[in-house]
Amino acid sequence: MQKFTQINSLVAPLDRANVDTDAIIPKQFLKSIKRSGFGPNAFDEWRYLDHGEPGMDNSKRKINPDFVLNQPRYQGASILLTRENFGCGSSREHAPWALEDYGFRAIIAPSYADIFYNNCFKNGMLPIVLSAEIVDALFKAVDGSVGYQLIIDLEKQTVITPDGNVYGFEVDAFRKHCLLNGLDDIGLTLQQMDAIKAFEVKHKAAQPWLFN
Amino acid sequence: MTAKTLYDKLFDSHVVREENGTALLYIDRHLVHEVTSPQAFEGLRLAGRKPWRVSTIVATADHNTPTDHWDMGLDGITDPVARLQIETLDTNIREFGAKAYFPFMDARQGIVHVIGPEQGATLPGMTVVCGDSHTSTHGAFGALAHGIGTSEVEHVLATQCLVQKKSKTMQVLVDGKLGNGVTAKDLALAIIGKTGTAGGNGYAIEFAGSAIRALSMEGRMTLCNMAIEAGARAGLIAVDDTTTEYLKDRPYAPDASQWDAAVAYWQTLKSDNGAKFDANVVICAENIQPQVTWGTSPEMVVGIDGRVPDPEKESDLTKRSGMKRALQYMGLQANTPINQISIDKVFIGSCTNSRIEDLRAAANIAKGKHIASNVKLALVVPGSGLVKAQAEQEGLDRIFIEAGFEWREPGCSMCLAMNADRLEAGERCASTSNRNFEGRQGQGGRTHLVSPEMAVAAAIAGHFVDVRGLF
């Protein structure tokens, strides 16, 4: 997993609440057996004017000029600013895969759906929760200033605006540790092999039918 | 001793170790399907790892499988990418193993959340995970069950554990009696209408109260299935006689030698008197009408005698813009009476509403009637091969076919439209599934979520109609 320490990047605004994972990556792209290459189909139904299918040459498709991420001023953004309950619906990890492959490393929103939030951390992406008021202020600032950038510092748990405002955010200590160091948590869990085996002995004694 | 919630009991009994509020949680049952597992198996392969405990794995193909032309076998899957994914699951299970595998066209194949309980592979007291958000379904059995992403699928395969923080707990208390023609689906939608789709974020919801106790296991599964649409990863219902009676003699349930001990333990799986929840919601069952969603989120829902709401009356600006966008997508005008909305297609199926009880209730409305001339397609897709066989034994297939419905093979089908069953742009569907998101049932398709009874009533009338008038 790639590390996340600090980024200084352009911000792209997606001004919608309840953006679901079907919108982030439509179902037809879930047929892939790979975990890469979903970026060109992130937000496919909003981003293009035609119907997308796996295997199409996306560079030849007609883009939707009205969709905010298609605007020239937001190209190259690696921070996505959005509204509450982002990533609701399906547990598909293809959603963070698509966002990461598109180029996003961090998301800022007032809230996320639980499974999506969890999935982000497994892919080197940082979902940041800021209050609805701060998010609202950031939307206005992004809209009012072409090239608006934010600095996100995971170590210090801060988002810094161009005019020097510093917003702190919460992140679970274990997840922060894994992100900062790019750690594969399967490897970490397997260090607990003896504890897992000991638990199984106790668990089997209590509920033997679970081990049939 | 402190009074504990059911969630606390289930969580605490599976903690391998805990540090700074982060627990390593042991997983008893891992349900696997073709869409969210290939990358996880590939991860194991690349790291040279093996599954920790193969006997916890139950696998099936459901999301991509076609619901017709089974006589052609794999050749009936016209999409080569879908076929490869189904074949990849075959390959992976052959290589890594499973306790039970129900491949495409097996007599017991079906939607993973239908076959788990049907086989007795979901048991009270278990932790159950699957790379699918509707894993919350299994909480109906007093199991701690939730959806996970593919990285976690790999983590569970490799370690039999998940790294978890404890959720907050919410009790949704539903007392009273649901009216005739009002179902668990209506109850689920009414709860989501009240809490909102984000209301359960960060929570495990326990459903309790006399209306919940009165539900069959099928109804409880429908309700817990929709917990995720309220934002809660897990839904829970305490164990009672309804639970144990359902499980008795199922293939993977404890046999006679273990049954009594298991039941004695399962009976402890309820929240203690005086247990404190972090949030409480109270619903009166009598007040619930048959529900119909009008927008692009399950919280956008009203009773059948309601109207499409007016965004101009919403004071929250983010909500108002969401409502406007939803009405535009849905092709609806504010203030339109729900019973004047005409439909093009009907879908009866999905992990929410494809069990035998759902099909019986739907057939009861369809019997001796015929779908309206404006309804282009009405699909009935049983949740599993065994549900299909049972329905056919009871003659339900004949009732549906004579009423103009198509009787299909089991699978997820048009709930998420990964296979060939889908809506075309602009088509409006009465659907017993769980999500009405933009494009969910096909790009540009317009989904209205309803109960099976309401879906059949709409199919017959050609527009939404109060099913309570048809009894």
Side-chain angles (χ1 to χ4, degrees), chain A residues 15-18 20 22-23 26-28 30-35 45-46 51-52 54-55 83-85 88-94 96-97 111-116 118-119 122-123 132 172-174 184-190 192-193 195-196 198-200 203 206-212, chain B residues 16-17 20 22 24 26 28 35-36 38-39 42 47 49 52 55 63-64 79 81-82 84-85 88 123 125-126 131-133 147-152 154-155 158-161 163 165 197-198 201-202 231 233 252 254 258 261-262 265 297 318-319 322 325 416-418 435 437-440 443:
Chain A
D15 194 359
R16 297 189 186 206
N18 299 314
D20 58 76
D22 274 82
K27 82 280 282 164
Q28 60 270 34
L30 273 51
K31 293 170 191 167
S32 169
I33 56 171
K34 302 198 174 86
R35 61 191 298 160
E45 292 184 6
W46 294 344
H51 175 76
R83 300 283 184 181
E84 61 260 28
N85 201 28
C88 61
S90 156
S91 62
R92 61 188 70 168
E93 196 163 321
H94 310 68
W97 293 341
S111 63
Y112 301 87
D114 292 348
I115 301 175
F116 174 83
N118 203 32
N119 283 341
K122 312 286 182 192
N123 293 283
D172 170 68
F174 177 72
D184 159 17
D185 59 0
I186 293 180
L188 289 176
T189 300
L190 284 173
Q192 306 299 325
M193 198 181 274
I196 301 169
F199 176 87
E200 282 181 322
H203 199 45
Q207 299 179 65
W209 52 87
L210 297 181
F211 288 77
N212 288 343
Chain B
V16 173
R17 69 193 297 272
N20 302 324
T22 298
L24 196 59
Y26 190 82
D28 298 311
V35 176
T36 56
Q39 298 87 350
E42 183 65 10
R49 289 170 176 145
W52 181 279
S55 65
H63 282 61
N64 256 323
D79 180 345
V81 193
L84 175 63
Q85 202 169 50
T88 300
L123 295 173
M126 275 183 167
D132 189 285
S133 60
I148 55 177
T150 297
S151 294
E152 289 182 319
E154 185 181 339
H155 193 280
T159 70
Q160 210 55 48
C161 292
V163 178
K165 281 180 94 74
T197 46
N201 281 358
R233 287 210 296 173
Y252 294 98
Q258 293 176 317
Y265 177 70
S297 162
T318 302
K319 269 194 183 160
R325 192 179 295 118
L416 86 167
M418 270 191 85
R435 291 188 175 134
F437 300 154
E438 285 184 28
R440 171 79 178 180
Q443 190 165 2

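All values below come from the heavy atoms of this structure, side chains included, with hydrogens, waters and symmetry mates left out. Lettering of chains follows the sequences in order, A, B, ..., and the numbering in each one begins at 1.
Ionic pairing of Glu154(B) and Lys122(A) is not present here: no N-O contact between side-chain nitrogen and carboxylate oxygen is shorter than 4.0 angstrom. Under a 4.0 Å N-O distance rule, the pair Arg49(B)/Asp184(A) qualifies as a salt bridge.
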Next on the checklist: Determine whether Phe174(A) and Asn20(B) satisfy the following criterion, side-chain contact (heavy atoms from CB on, under 4.5 Å), listing intermediate values before the conclusion.
Outcome noted: CA-CA 9 Å; Phe174(A) 177 72; Asn20(B) 302 324; over 6 Å; no

Item to check | Evaluation steps, side-chain contact (heavy atoms from CB on, under 4.5 Å), between Met418(B) and Leu30(A) | outcome: CA-CA 8 Å; Met418(B) 270 191 85; Leu30(A) 273 51; 3.8 Å; yes

Checklist entry - Can you check side-chain contact (heavy atoms from CB on, under 4.5 Å) on Leu24(B) and Phe199(A), steps first, answer last? => result CA-CA 11 Å; Leu24(B) 196 59; Phe199(A) 176 87; over 6 Å; no

Item to check | Trp52(B) and Leu190(A): CA distance, side-chain angles, deciding distance, side-chain contact (heavy atoms from CB on, under 4.5 Å) verdict | outcome: CA-CA 10 Å; Trp52(B) 181 279; Leu190(A) 284 173; 4.1 Å; yes

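Of the two parts of Pro208(A), the backbone and the side chain both hold a non-hydrogen atom closer than 4.5 Å to a non-hydrogen atom of chain B. If you measure heavy-atom distances from Glu438(B) to chain A, the contacts under 4.5 Å come from both the backbone and the side chain. For Thr159(B), the parts sitting under 4.5 Å from any heavy atom of chain A are the backbone and the side chain alike. Proximity to chain A involves both the backbone and the side chain of Val81(B), based on heavy atoms less than 4.5 angstrom apart. When heavy atoms are compared at a cutoff of 4.5 Å, Ala261(B) approaches chain A by way of both its backbone and its side chain.
Note that the CG atom of Asp22(A) and the CZ atom of Phe437(B) stand 6.5 Å from one another [nearest 0.5 Å]. Distance SG/Cys161(B) to CD/Glu200(A): 7.5 Å, rounded to 0.5 Å.
In summary, the side chains of Trp97(A) and Gln39(B) do not present any donor paired with an acceptor at a separation below 3.5 Å, with no hydrogens or angles considered. Using modelled atom types and a 3.5 Å distance limit, the side chains of Ser133(B) and Arg92(A) yield no donor-acceptor pair. Between the side chains of Gln258(B) and Asn212(A), at least one donor-acceptor pair of N or O atoms lies under 3.5 Å.
Atom NZ of Lys319(B) has 12 or fewer neighbouring heavy atoms from other residues, nucleotides or ligands inside a 6.0 Å radius.
Between Thr189(A) and His155(B), the closest side-chain pair of non-hydrogen atoms falls below 4.5 Å. Using a 4.5 Å heavy-atom cutoff, the side chains of Ser151(B) and Arg35(A) are in contact. Side-chain contact between Gln192(A) and Val16(B) is absent, with no heavy-atom pair separated by less than 4.5 Å.
The shortest heavy-atom contact between Asp28(B) and His203(A) is OD1-NE2, 2.8 Å. Of all non-hydrogen atoms in Pro254(B) and Trp209(A), the two that sit nearest each other are CG-CB, 3.7 Å. Taking all atoms of both residues into account, the shortest heavy-atom contact from Ser91(A) to Gly131(B) is OG-C, 3.6 Å. Listed here is the closest heavy atom pair of Gly202(B) and Asp114(A): N-OD2, 2.7 Å. Annotation for Ala198(B) and Asn85(A): closest pair CB-CG, 3.5 Å, computed over non-hydrogen atoms. Pairing each heavy atom of Arg440(B) with each of Ser90(A), the nearest pair is NH1-CB, 4.5 Å.
With chain A as the partner, the residue from Thr197(B), Thr88(B), Thr36(B) showing the most heavy-atom pairs under 4.5 Å is Thr197(B). For chain B, the option among Asn18(A), Asn118(A), Asp15(A) with the highest count of heavy-atom pairs below 4.5 Å is Asn118(A). In terms of heavy-atom pairs under 4.5 Å with chain B, the best-connected choice from Phe211(A), Phe116(A), Tyr112(A) is Phe211(A). Heavy-atom pairs under 4.5 Å with chain A were tallied for Ala82(B), Ala262(B), Gly322(B); the largest tally goes to Ala262(B). Taking Arg233(B), Arg325(B), Met126(B), His63(B) one by one and counting their heavy-atom pairs under 4.5 Å with chain A, the maximum is reached by Arg325(B). In terms of heavy-atom pairs under 4.5 angstrom with chain B, the leader among Ser32(A), Ala23(A), Ala132(A) is Ser32(A). Heavy-atom pairs under 4.5 Å with chain B were tallied for Glu93(A), His51(A), Lys34(A), Arg83(A); the largest tally goes to Glu93(A). For the options Ile186(A), Leu210(A), Leu188(A), heavy-atom pairs under 4.5 Å to chain B are most numerous at Ile186(A). Annotation: maximal heavy-atom pairing with chain B below 4.5 Å, among Glu45(A), Gln28(A), His94(A), Glu84(A), occurs at Glu45(A).
Under a 3.5 Å cut-off, the side chain of Arg435(B) and the backbone N or O of Gly89(A) do form a donor-acceptor pair.
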